[in-house]
Enquirer: 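Below are the structure tokens for one structure; questions will follow.
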Amino acid sequence: GEDVEQSLFLSVREGDSSVINCTYTDSSSTYLYWYKQEPGAGLQLLTYIFSNMDMKQDQRLTVLLNKKDKHLSLRIADTQTGDSAIYFCAERLNTGGFKTIFGAGTRLFVKA
Amino acid sequence: NAGVTQTPKFQVLKTGQSMTLQCAQDMNHEYMSWYRQDPGMGLRLIHYSVGAGITDQGEVPNGYNVSRSTTEDFPLRLLSAAPSQTSVYFCASSFDRGREKLFFGSGTQLSVL
């Protein structure tokens with residue numbers, strides 16, 4: 001079945017790196033995404049990686065994909081208080097209507 | 001462009017009442033979907049549509065109906081609201097179903113008493 005799992009909370013100090021981890025079960029996924037949700041708002045795409053890539057870097061963000069272990073991670077360098085939010089891992093399936101399946105979200109707390 | 005617009009932002013219903021959550025997008029997106037967000041459970045797909053006149057069920061379709069008479073609009077109907085439907089509802093769209101990222105509305109917070 002389709003399932004995306006991620007830890008619910010992460011707390012870091014301002015200036016440190018944050019690493020949010022995610023595991024998924026469906027090997028047919030084509031794209032894997034990280035979405036960010038700020039309080040009272042909808043989700044916004046932060047970054048994504050195609051399933052045939054291992055790594056993608058975008059300014060302070062680094063996405064690592066281990067397709068063998070079905071493990072995805074998001075690293076935020078030099079974490080700022082403005083990075084406090086809920087981060088959702090998601091996979092876009094290649095079958096069944098191309099649905100996007102979301103994890104439960106990791107709430108990132110950044111301490112000043 | 002307005003993007004994805006959801007109305008209302010907040011709604012309180014009594015058990016057994018019906019209502020329609022509205023969703024409209026002005027980006028000519030073919031793919032539209034409804035999710036509900038519950039604490040600790042992430043987003044769960046309710047219904048989705050890959051184009052006008054075509055809808056299909058997601059993970060948690062029971063108690064909800066949808067229709068897609070135009071490309072722009074994708075309303076979600078609760079025929080007889082239950083307390084278990086208390087949640088935050090998000091509408092999302094994308095240009096095509098295969099690759100594009102989802103654009104989300106700002107959500108509707110629904111409470112069923």
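So you know, we letter chains A, B, ... as the sequences are listed, proteins then strands, and number each from 1.
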Enquirer: Which atoms of A:L45 come close to chain B, meaning under 4.5 Å heavy atom to heavy atom: side chain ones, backbone ones, both, or neither?
Expert: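 Contact with chain B involves the side chain of A:L45 alone.
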Enquirer: Are A:F50 and A:L64 in one and the same hydrophobic cluster, where Ile, Leu, Val, Met, Phe, Trp and Tyr link if side-chain heavy atoms are under 4.5 Å apart?
Expert: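 A:F50 does not cluster with A:L64.
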Enquirer: Does atom CZ of B:R77 have more than 12 heavy-atom neighbours, drawn from other residues, nucleotides or ligands, at distances under 6.0 Å?
Expert: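 Enclosed.
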Enquirer: Picking from A:Q44, A:R107, A:Q37, which has the most non-hydrogen pairs under 4.5 angstrom with chain B?
Expert: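 Option with the greatest count: A:Q37.
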Enquirer: Nearest 0.5 angstrom please: A:L46 CG to B:K101 NZ, how far?
Expert: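 With rounding to 0.5 Å, CG (A:L46) is 10.5 Å from NZ (B:K101).
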Enquirer: Is the number of heavy atoms from other residues, nucleotides or ligands under 6.0 Å of A:Y48 OH greater than 12?
Expert: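 Counting neighbours around OH of A:Y48, 12 or fewer heavy atoms of other residues, nucleotides or ligands fall under 6.0 Å, so no.
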Enquirer: Tell me whether A:Y87 is reachable from A:L65 by hopping between hydrophobic residues (I, L, V, M, F, W, Y) whose side-chain heavy atoms are closer than 4.5 Å.
Expert: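 Cluster IDs for A:L65 and A:Y87 match.
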Enquirer: Counting only non-hydrogen atoms closer than 4.5 Å, does B:L43 touch chain A with its backbone (N, CA, C, O), its side chain (CB onward), both, or neither?
Expert: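 It is both, since atoms from each part get that close.
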Enquirer: Looking at A:F102, is its backbone amide N or carbonyl O close enough to the side chain of B:Y35 to form a donor-acceptor pair, meaning the two atoms are under 3.5 Å apart?
Expert: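 Not a single qualifying donor-acceptor pair exists.
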Enquirer: Heavy-atom count check: over 12 atoms from other residues, nucleotides or ligands less than 6.0 Å from A:Q80 CD?
Expert: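 Above 12, so yes.
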Enquirer: Which bit of B:Q6 comes within less than 4.5 Å of chain A, counting heavy atoms only: side chain, backbone, both or neither?
Expert: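 Neither part.
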